[in-house]
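To start, the structure under review is shown below, and the notes come after it.
In this chain, numbering begins with 1 at the start of the sequence shown. Remember, predicted model here, so these are calculated numbers, not experimental data.
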Amino acid sequence: VQYDDNIFAEPADETADALFGVRPQVLARSLWQRHSLTARVEGHFGIHAENSSEDFEDAEADLRGRIDIAQGSRLFAGVNAARA
């Protein structure tokens with residue numbers, strides 16, 4: 001929970017409001033001897049008490065991996081997507 005006395009950052013006519021937020025996250029990692037894979041999904045949601053036009057729903061997901069080609073040689077790759 002947050003409180004902001006000037007949510008629009010205006011020099012005059014300030015608008016105050018409370019923000020209720022939650023930020024859930026799921027993280028999964030492989031436990032393999034060779035190679036690896038990691039996946040993450042995260043959300044960030046905010047609901048204003050009085051100014052619902054300022055509410056938001058953001059999300060992000062990424063997937064990263066490593067392939068062990070030979071001793072001392074590895075290939076890394078990843079992809080990320082976000083909605084803000």
Side-chain angles (χ1 to χ4, degrees):
V1 176
Q2 292 178 306
Y3 179 80
D4 189 336
D5 63 353
N6 190 3
I7 64 170
F8 299 112
E10 295 289 337
D13 272 342
E14 297 173 352
T15 303
D17 203 351
L19 171 68
F20 304 93
V22 64
R23 191 174 219 142
Q25 180 182 58
V26 175
L27 178 64
R29 290 188 178 140
S30 65
L31 298 174
W32 305 327
Q33 291 286 330
R34 294 188 64 210
H35 316 302
S36 73
L37 189 62
T38 302
R40 181 183 64 87
V41 178
E42 178 179 306
H44 187 196
F45 307 98
I47 300 169
H48 287 81
E50 296 180 16
N51 294 279
S52 61
S53 65
E54 298 304 300
D55 293 354
F56 59 88
E57 298 173 355
D58 299 339
E60 183 174 1
D62 59 58
L63 181 65
R64 298 170 193 234
R66 183 192 79 231
I67 297 175
D68 299 329
I69 299 168
Q71 189 165 353
S73 297
R74 296 176 177 156
L75 176 64
F76 293 91
V79 63
N80 179 279
R83 177 186 171 271

message: Counting neighbours of CD1 on I69 that are heavy atoms of other residues, nucleotides or ligands and sit closer than 6.0 Å, is the number greater than 12?
response: yes
message: For E57 and R83: C-alpha separation, side-chain torsions, deciding distance, then whether side chain to side chain contact (heavy atoms under 4.5 Å, CB included) applies.
response: CA-CA 8 Å; E57 298 173 355; R83 177 186 171 271; 4.1 Å; yes
Exam field: side chain D68 to backbone H35, donor-acceptor pair closer than 3.5 Å: yes
Q25 atom CD: more than 12 heavy-atom contacts under 6.0 Å: yes
query: Under a single-linkage rule joining Ile, Leu, Val, Met, Phe, Trp and Tyr whose side-chain heavy atoms are separated by less than 4.5 Å, which residues share a cluster with L19?
result: F56
- request: State, yes or no, whether a side-chain contact exists between E60 and R40 at a heavy-atom distance under 4.5 Å.
  value: yes
- prompt: Are more than 12 heavy atoms from other residues, nucleotides or ligands located less than 6.0 Å from atom CG of N80?
  reply: yes
message: Looking at every non-hydrogen atom in both residues, tell me the closest pair between H48 and D55 and how far apart they are.
response: N-OD1, 2.6 Å
message: As an exercise, state the distance from CD1 of I7 to CG of N51, rounded to the nearest 0.5 Å.
response: 4.0 Å
- request: Verify the neighbour count for atom CZ of R64: are there more than 12 heavy atoms of other residues, nucleotides or ligands below 6.0 Å?
  value: no
field: Greater than 12 external heavy atoms within 6.0 Å of E14's CD
entry: yes
- request: If you link ILVMFWY side chains whenever their heavy atoms are less than 4.5 Å apart, which other residues fall into the same cluster as V1? By chain and number, please.
  value: F20
query: What's the shortest heavy-atom distance between S30 and S36, and which atoms?
result: OG-CA, 3.3 Å
query: When you measure from the side chain of D4 to the backbone N and O of D17, does any donor-acceptor pair fall under 3.5 Å?
result: no
- line: Apart from W32 itself, its cluster of hydrophobic side chains linked below 4.5 Å comprises L37, L63, V79
